Amino acid sequence: MAGASFPRDYDAIILGAGGAGMMCAAVAGQRGRRTLLIDHGDEPGRKILISGGGRCNFTNLGIAPDRFLSANPPFARSALSRYSAQDFIALVDRHGIAWHEKTLGQLFCDESARQIVAMLRDECVAGGVDMALGEAIADIDHADARFTVRHGDRVSRAPALVIATGGPSIPKLGATGFAYTLARRFGLKIVEPRPALVPLTLGGEDVLFRALSGVSAPVVARCGKAAFAEAALFTHKGLSGPAILQISSYWRHGEPITIDMVPGRDPDWLVQAKRERPRASLATALSAALPARLAEALAQRLALGGDLANLPDRALRDAATRLAGWTFSPNGTEGLAKAEVTAGGIATDGLSQQTMAARRVPGLYAIGEAVDVTGWLGGYNFQWAWSSGWAAGQAL
Ligand code: FDA
């Protein structure tokens, strides 16, 4: 008889073997739950493998709920405090994985992201988790308090089903919007998904800045109340670099962003430059604070020619003010193909913040990036995957 005729029974079925799904499966398995982890990819944790330039920025020492975006910001607090960055670091240490802090609290493996995937795999093995890899999910039924999942050429059943299939960013890594389709089927709402941690594109007059492709500078990027002091990078399509990726999560179509090109400079700095070097041009004065190509491009746009000595102090103060809040009007983002994460997703008001269980569908859970919780750049999104996976794993 074909295996499909005889459903295998589990206590929990987890869909998606990314960071969140593997953590959840390992925790549930080690609590004695018969657990099945299904993924259509041939190997688990593909986003982990390519993350952090192959070294996986697995958490951040600055994890705090206000560093996550959500329509309901307090939602993440419970899971993040119950399974913290320190808890994950302890797990990494138990597995003998060497790590270091790079910058801004970001923790990376010394050697390879493969170690994190191997660690989670080992934890799943310790919990006796069955892994069904390379198996497409053909169908899901829900009847008599059981979820029946048709995957590959098998059928499996369980009273609990966890949606851990992530968001649709970087489809070439197997990412899909499956989580949203499934959640909608069970009556959960979706906060409109949008690319986040993504380069912004420039059009109109700003298009001239594309000629600076490859130039990078430390800036403060702002959008609304959000501000990030990190590097910005000009690209052949627009703007990238950590400051821009961070601000992109807060940016909405039609809004401007402002960039302080000369962070920390006194409003009178160009007037002082005039006193010190009256024969210098504005571009030369700017190049004391900025890469030469950027200094040249900004000086051209400020349209203040000749020696500094011939420029009125007021014009120099105005120029300094403009440089401290240079406005760009992005015309879009580079989209889901380039977005490190998808913001939005399964609305948190339908989920328990303690267990990630759907309030109205007993036995259904959602974790990780599929949920409307999106972290800053720098290890925040993996910490959400670990914390939300752990919270559901404790409840299964
Ligand atoms: P994730 O997407 O990891 O896993 C979902 C799983 O579900 C996948 O294995 C997929 O194959 C499977 N799946 C999807 N649809 C399916 C279907 N229909 N049927 C069956 N299986 C299906 N974050 C961070 O904190 N530090 C970092 O250094 C980085 N770096 C980074 C680099 C790049 C290039 C990207 C794209 C992203 C990052 N991130 C990151 C973000 C981080 O990778 C992301 O937030 C987590 O992987 C989310 O974990 P999940 O388990 O929720 O989803």
Side-chain angles (χ1 to χ4, degrees), residues 13-26 36-60 62-63 67-68 85 88 99 102 104-109 113 116-117 120 131-140 149-152 162-183 195-199 242 245 249 334 336-343 345-346 356 365-390 392:
I13 298 174
I14 298 161
L15 307 179
M22 279 197 285
M23 173 60 88
C24 182
L36 173 66
L37 182 59
I38 307 174
D39 202 293
H40 63 177
D42 290 333
E43 58 177 339
R46 280 178 293 174
K47 282 194 180 169
I48 299 175
L49 292 176
I50 57 147
S51 68
R55 292 223 162 89
C56 186
N57 177 194
F58 55 79
T59 191
N60 194 293
I63 297 287
R67 295 177 171 197
F68 292 80
F88 193 77
W99 52 269
K102 200 168 170 189
L104 300 172
Q106 302 167 2
L107 305 191
F108 287 75
C109 298
I116 299 291
V117 176
L120 292 168
M131 282 209 193
L133 299 174
E135 297 194 7
I137 297 158
D139 187 32
I140 297 174
V149 181
R150 233 170 255 284
H151 55 103
V162 183
I163 304 174
T165 52
S169 60
I170 320 276
K172 68 174 186 215
L173 287 176
T176 67
F178 182 73
Y180 310 151
T181 311
L182 193 55
L197 299 181
V198 64
L245 299 181
S249 301
E334 288 195 31
L336 290 173
K338 291 284 163 65
E340 194 160 309
V341 286
T342 310
I346 300 173
M356 306 292 134
Y365 297 75
I367 58 175
E369 194 179 321
V371 177
D372 172 33
V373 172
T374 305
W376 281 6
L377 185 76
Y380 292 86
N381 286 295
F382 277 136
Q383 186 59 45
W384 171 246
W386 320 135
S387 296
S388 59
W390 187 92

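Count residues from 1 along the sequence. Order of listing sets the numbers, starting from 1, for every ligand and every atom in it. Remember, it's a predicted structure, so these values are computed and weren't measured experimentally.
- Between A175 and ligand 1 there is no heavy-atom distance shorter than 4.0 Å.
- Here the closest heavy-atom approach between residue G45 and residue V117 is recorded as O-CG2, 3.8 Å.
- Taking only non-hydrogen atoms, the option from I50, T165, N57 nearest to atom 14 (C) of ligand 1 is T165.
- Closest to atom 33 (C) of ligand 1 among all protein heavy atoms lies E340 CG, 3.8 Å.
- Contact analysis leaves L15 out of contact with ligand 1, as no non-hydrogen atom separation drops below 4.0 angstrom.
- Atom numbering of ligand 1 starts at 1 in the shown order; those under 4.0 Å from a heavy atom of N381 are 23 (N), 25 (O), 45 (O).
- The closest approach between a heavy atom of S169 and any atom of ligand 1 is not below 4.0 Å.
- Distances below 4.0 Å separate heavy atoms of F178 from the following atoms of ligand 1: 18 (N).
- Between F88 and F58, the ring center distance clears the sub-6.0 Å criterion.
- With a 4.0 Å heavy-atom cut-off, ligand 1 is reached by no atom of F58.
- Residue contacts with ligand 1 for A164 involve N, CA, C or O but no side-chain atom from C-beta outward (heavy atoms, distance under 4.0 Å).
- Of the listed options T374, V341, L49, I137, I137 places a heavy atom closest to atom 19 (N) of ligand 1.
- Rounding to the nearest 0.5 Å gives a distance of 7.0 Å between CG of N60 and CZ of R67.
- Among Y380, F382, W386, the residue whose heavy atom lies nearest to atom 42 (C) of ligand 1 is F382.
- Of the heavy atoms in R46, only side-chain atoms (C-beta onward) come closer than 4.0 Å to ligand 1.
- In this structure, F68 and Y380 have perpendicular ring planes: the angle between them is above 60°, well past the 30° mark.
- Between A136 and H40, the shortest heavy-atom contact is CA-CB, 4.1 Å.
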